[in-house]
Protein chains: 2
Amino acid sequence: MAMVGAKLKALRTRRGLGMRELAARSGISHSAISLIERERMSPSVDTLGAILGALGTTMSSFFADLESGLPSRPFYRAEELVEIGRPDRISYRLIGMDYPNRRMLMLAERYAPGATTEASVAHRAEEAGIVMRGAVEVTVGDRTAVLRAGDAYYFDSQQPHSFRNVDPGISEIVSAITPPTY
Amino acid sequence: MAMVGAKLKALRTRRGLGMRELAARSGISHSAISLIERERMSPSVDTLGAILGALGTTMSSFFADLESGLPSRPFYRAEELVEIGRPDRISYRLIGMDYPNRRMLMLAERYAPGATTEASVAHRAEEAGIVMRGAVEVTVGDRTAVLRAGDAYYFDSQQPHSFRNVDPGISEIVSAITPPTY
DNA sequence: CAGGACTGTCGAGGATAATCAACAGGGGCG
DNA sequence: CGCCCCTGTTGATTATCCTCGACAGTCCTG
């Protein structure tokens with residue numbers, strides 16, 4: 001999380017505030033601010049949140065700016081895709097893992113026989129995908145359908161939804177979610 | 001920073017990962033993950049960053065989702081505007097301070113006589129404003145102009161820029177910056 | 001039912017974040 | 001100059017994060 005200190009200092013000085021003044025407004029000690037700005041310690045989420053609050057910022061704005069920039073490259077080899085699931089059940093391989101400030105989550109999914117997704121909290125997003133191999137039972141709200149190669153889906157993530165592999169072998173889906181509230 | 005734990009747990013379980021598995025991938029101990037998920041401690045930025053990385057997420061995505069939602073209200077009284085500058089030099093009063101995931105920063109600025117902005121790092125953004133009162137010398141790149149009531153500006157923030165109050169009294173500007181890399 | 005592999009929680013310790021109180025370096029002003 | 005008020009840095013102490021290992025519960029398998 002490099003650059004946190006430099007960015008914080010830029011924010012503070014731009015407002016013409018001293019460390020002590022910012023400390024008083026945020027409830028964090030001025031020495032802590034000094035150490036954070038010089039990258040000599042990594043603040044807790046609570047601490048950083050308090051400081052950003054006094055500067056009129058939020059965590060998301062702060063890190064959105066920090067992590068912004070163009071991706072390092074446009075192409076990703078199959079072997080490079082980062083695994084964020086578990087291959088023995090449901091493998092989720094992330095496309096464009098080093099794209100800094102993504103607006104979309106694209107995944108190559110691979111379901112082991114019988115694998116089922118966990119119940120998820122409702123979130124405002126749109127989710128679409130297409131089955132590439134096998135057979136997947138998709139439930140959205142009160143509707144259920146078995147999708148096979150070539151079949152697709154598109155729904156609002158706010159509705160309760162789940163996926164279950166009903167093929168005796170492996171099933172594969174390519175999916176996209178936006179915004180990436182994954 | 002409430003909800004961090006719940007959101008983290010949702011992310012982990014959705015991928016079918018146990019605490020120990022996530023601990024191994026992130027390099028953070030499973031007990032720390034347990035404590036964080038139950039909101040019994042506030043992780044450091046480094047720690048949370050490591051965990052999110054193993055889940056294929058970034059800080060900005062994580063907090064963007066966490067802080068999302070509709071604003072509590074559409075109207076803000078003059079007295080309510082939050083001060084993020086210093087009234088004796090340059091006062092910056094934030095409009096819509098509780099708008100959760102803003103794409104824009106709008107400020108009511110008030111310059112004391114002789115006040116000057118600090119040098120700022122280059123950032124990719126657009127900045128516009130209009131002078132309401134007094135006289136402000138605005139420098140953008142190699143150009144300088146003195147703007148008075150009714151005069152306005154619009155420039156790319158990547159160019160070095162600064163503001164200086166050249167009025168014997170107080171000068172006022174209403175400005176907007178997007179995205180809010182402030 | 002016993003054994004194993006998994007789940008998450010808990011307690012004691014060491015590592016680190018955060019605080020408080022000094023300290024040192026500018027300017028400005030009488 | 002000598003004093004004041006500001007700036008940010010540093011050392012010693014306390015509080016908190018973080019780790020390691022132990023513990024208890026669940027589920028599957030022999």
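When reading the values below, keep in mind they use all heavy atoms of this one structure, side chains included, and skip hydrogens, waters and symmetry mates. Throughout, a chain's letter reflects where its sequence line sits, starting with A, and its residues are numbered from 1.
- In this entry the distance linking CD of A:Glu39 with P of C:dA18 reads 14 Å, nearest Å.
- No side-chain donor from either of B:Thr144 and B:Glu137 sits under 3.5 Å from a side-chain acceptor of the other.
- Between the side chain of B:Ser42 and the base of D:dC17, no donor-acceptor pair under 3.5 Å is found.
- Of the candidate nucleotides C:dG11, C:dT19, D:dC18, C:dT19 has the atom nearest to the side chain of A:Ala32.
- Along DNA chain D, the nucleotide nearest A:His30 and the nucleotide nearest B:Leu48 are compared for position; the residue whose nucleotide lies closer to the 5' end is A:His30.
- In terms of phosphate contacts, A:Arg38 brings no side-chain nitrogen or oxygen within less than 4.0 Å of OP1 or OP2 of D:dG8.
- Rounded to whole Å, atom P of D:dT7 lies 12 Å from atom CD1 of A:Ile33.
- A distance of about 15 Å separates the P atoms of C:dT19 and D:dC18, rounded to the whole Å.
- For A:Thr47, the listed nucleotide lying nearest its side chain is C:dA18; candidates were C:dA17, D:dT10, C:dA18.
- Of all non-hydrogen atoms in B:Ile36 and B:Pro43, the two that sit nearest each other are CD1-CB, 3.6 Å.
- Between A:Tyr92 and A:Tyr111, the angle of the ring planes goes over 60°, which puts this pair in the perpendicular group of the 30/60° scheme.
- Set against D:dG8, D:dC17, D:dT19, the side chain of A:Arg12 has D:dG8 as its closest nucleotide.
- Using a 4.0 Å heavy-atom criterion, one finds that A:Ser44 contacts the sugar-phosphate atoms exclusively.
- Comparing C:dC20, D:dT7, C:dT9 by their closest approach to the side chain of B:Met19 singles out C:dT9.
- Distance CD (B:Glu37) to P (D:dC18): 14 Å, rounded to an integer number of Å.
- Rounding to whole angstrom units, CG of residue A:Leu22 and C1' of D:dG8 are separated by 13 Å.
- One atom, CD1 of A:Ile28, and another, C1' of C:dA17, lie 11 Å apart when rounded to the nearest Å.
- A:Thr117 and A:Ser162 form no side-chain donor-acceptor contact under 3.5 Å, judged by distance and modelled atom types alone.
- The closest side-chain heavy-atom distance from A:Val45 to A:Met59 is below 4.5 Å.
- Within a 6.0 Å sphere centred on CZ of B:Arg148, heavy atoms belonging to other residues, nucleotides or ligands number 12 at most.
- Atom-to-atom, CG of B:Asp88 to P of D:dC5 comes out at 15 Å; the value is rounded to the nearest Å.
- Between the CZ atom of A:Arg89 and the P atom of C:dT7 there is a distance of 8 Å, rounded to whole Å.
- Considering only the side chain of B:Arg20, D:dA22 comes nearest among D:dT9, D:dC17, D:dA22.
- Nearest to the side-chain atoms of A:Arg86 among the listed nucleotides C:dT7, D:dC18, D:dT9 stands C:dT7.
- What separates CG of B:Asp46 from C1' of D:dC18 is a distance of 13 Å, to the nearest Å.
- Applying the 4.0 Å criterion to OP1 and OP2 of D:dT9, one finds that A:Ser34 has a side-chain N or O inside that range.
- Here the side chain of B:Ser31 is nearest to one of D:dC18, C:dA21, D:dG21, namely D:dG21.
- Comparing B:Leu35 and B:Glu21 along DNA chain C, the residue whose closest nucleotide (by nearest heavy atom) sits nearer the 5' end is B:Glu21.
- For A:Arg40 and D:dT9, the shortest distance from a side-chain N or O to OP1 or OP2 is not below 4.0 Å.
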